[in-house]
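Order of appearance sets the numbers: ligands from 1, and atoms from 1 within every ligand.
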Amino acid sequence: MKKVGVLALQGDFAAHGAALERAGAETVFVRERSQFADLDGLVIPGGESTTMLKLLHHDELFEALMEFGRRKPVFGTCAGAILLASDVSHPAQESLGLMDLSVERNGYGRQIDSRVAEIDPDPDFAKRTAPGKLEAVFIRAPIIRRTGSGAKVLARYAGDPVLVEQGPHLVATFHPELTADLRVHELFLQKL
Ligand code: GLN
């Protein structure tokens with residue numbers, strides 16, 4: 001059984017843990033650098049990326065996480081996607097740069113900052129998991145403004161990429177851990 005860490009400093013890590021276990025993985029909540037040693041992959045949950053960044057530095061996890069991502073798959077949702085990106089705007093902040101992506105924080109604006117949308121994933125997503133629309137829960141989500149040449153867009157909403165993979169890593173700007181549909185987590189487990 002694959003052993004997957006969920007960064008548990010802040011945000012909705014518990015929901016990811018539950019989704020990963022339902023998808024058939026052993027889950028560990030990661031709060032210390034020693035815990036990275038025997039993991040097959042890591043999830044960075046949604047939450048508040050600035051706060052998460054502060055806690056990562058406070059607990060001396062930032063470098064350990066960057067080093068982990070150079071050898072193992074990482075899946076970031078929402079704030080986690082912001083942390084994985086190479087370039088963050090609105091406002092700019094430091095990030096791990098494990099994926100060649102430019103993201104704009106809170107890109108959908110203040111008025112309608114959260115919504116649930118039905119989206120059609122790319123046929124490749126269906127082929128690797130199962131067919132059917134995805135229910136995408138957006139909560140003060142970032143918009144991915146640029147993807148690097150090595151990136152593959154697996155789903156879009158209103159024309160913008162919302163599920164993107166690049167090499168071993170995966171990001172979603174929505175929250176698959178908040179629905180009963182396990183396909184996005186299953187896709188990540190396939191990458192381990
Ligand atoms: N708006 C948050 C941020 O900028 C992300 C929101 C989320 O993770 N649901 O960090």
Side-chain angles (χ1 to χ4, degrees), residues 4-20 27 29-31 41-59 61-62 65-66 69 73-119 121 134-147 151 153-158 160-166 169-185 187-188:
V4 182
V6 182
L7 188 69
L9 302 178
Q10 191 265 341
D12 77 332
F13 51 84
H16 271 291
L20 287 163
T27 305
F29 292 119
V30 175
R31 298 187 174 94
L42 184 85
V43 173
I44 308 180
E48 216 290 313
S49 58
T50 310
T51 308
M52 239 185 268
L53 203 51
K54 277 189 195 139
L55 295 171
L56 280 172
H57 282 298
H58 180 266
D59 298 340
L61 283 167
F62 188 84
L65 183 45
M66 208 186 259
V74 181
F75 172 30
T77 54
C78 206
I82 297 169
L83 289 174
L84 281 178
S86 49
D87 180 64
V88 179
S89 62
H90 194 240
Q93 73 183 9
E94 188 186 19
S95 55
L96 294 160
L98 289 168
M99 287 176 77
D100 185 14
L101 299 175
S102 300
V103 300
E104 179 186 332
R105 296 177 63 196
N106 302 311
Y108 295 99
R110 275 197 196 152
Q111 291 303 318
I112 322 167
D113 59 7
S114 303
R115 73 192 72 184
V116 181
E118 295 251 294
I119 57 174
L134 270 173
E135 193 187 1
V137 180
F138 294 98
I139 305 169
R140 295 180 59 76
I143 291 186
I144 296 173
R145 293 293 186 195
R146 181 193 62 85
T147 56
V153 177
L154 293 168
R156 289 178 187 272
Y157 169 65
D160 297 308
V162 294
L163 180 65
V164 178
E165 88 183 322
Q166 186 194 309
H169 306 312
L170 182 69
V171 288
T173 60
F174 58 96
H175 289 267
E177 74 285 5
L178 298 181
T179 66
D181 188 340
L182 292 173
R183 284 178 293 163
V184 178
H185 287 86
L187 184 82
F188 180 61

### Query
If you measure every N/O of Ile139 against every N/O of ligand 1, is any gap under 3.5 Å?
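Ile139 vs ligand 1: N/O contact under 3.5 Å present.
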### Message
For the 3.5 Å polar cut-off, considering only N or O atoms, please tell me whether Thr50 and ligand 1 meet it.
### Response
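In fact, backbone or side chain, Thr50 has no N or O that close.
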Where's the contact between [X] and ligand 1, heavy-atom distance under 4.0 Å: side chain, backbone, both or neither?
{"X": "Met52", "answer": "neither"}
{"X": "Asn106", "answer": "side chain"}
{"X": "Arg105", "answer": "side chain"}

#### Entry: Neighbour count >12 (heavy atoms, 6.0 Å) for atom NE2, His90
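Open.
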### Message
Restricting to side-chain hydrogen bond (donor to acceptor under 3.5 Å, both in side chains), what partner residues turn up for Glu165, sequence neighbours left out?
### Response
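Result, side-chain hydrogen bond (donor to acceptor under 3.5 Å, both in side chains) vs Glu165: Arg128, Lys191.
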### Query
Quick one: side-chain hydrogen bond (donor to acceptor under 3.5 Å, both in side chains) partners of Ser89, sequence neighbours excluded?
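Counting only residues at least two positions away or on another chain, Ser89 forms no side-chain hydrogen bond (donor to acceptor under 3.5 Å, both in side chains).
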Considering the heavy atoms of [X], write down every atom of ligand 1 situated less than 4.0 Å from one of them.
{"X": "Gly46", "answer": "8 (O)"}
{"X": "Ile82", "answer": "3 (C), 4 (O), 10 (O)"}
{"X": "Cys78", "answer": "5 (C), 6 (C), 7 (C), 8 (O), 9 (N)"}
{"X": "Ser49", "answer": "3 (C), 4 (O), 10 (O)"}

### Query
Within 45° of the axis and under 6.0 Å from the centre of the six-membered ring of Tyr157, does NZ or CZ of Arg115 qualify?
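No; the conditions do not both hold, so Arg115 does not lie above the ring face of Tyr157.
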### Task
Just need the protein heavy atom nearest to atom 5 (C) of ligand 1, so name the residue and atom and give the distance.
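Nearest protein contact, heavy atoms only, for atom 5 (C) of ligand 1 is Gly47 O, 3.4 Å.
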### Atom of Gln166, atom of Leu98 and distance for their closest heavy-atom approach
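It is NE2-O, 4.3 Å.
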### Query
So, for Tyr108 and Pro142, which heavy atoms are closest and what is the spacing to 0.1 Å?
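Taking every non-hydrogen atom into account, CE1-O, 3.8 Å.
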### Query
In terms of ring plane angle, is the pair Phe174 and Phe138 parallel, tilted or perpendicular, where the classes change at 30° and 60°?
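The rings of Phe174 and Phe138 stand perpendicular, inter-plane angle above 60°.
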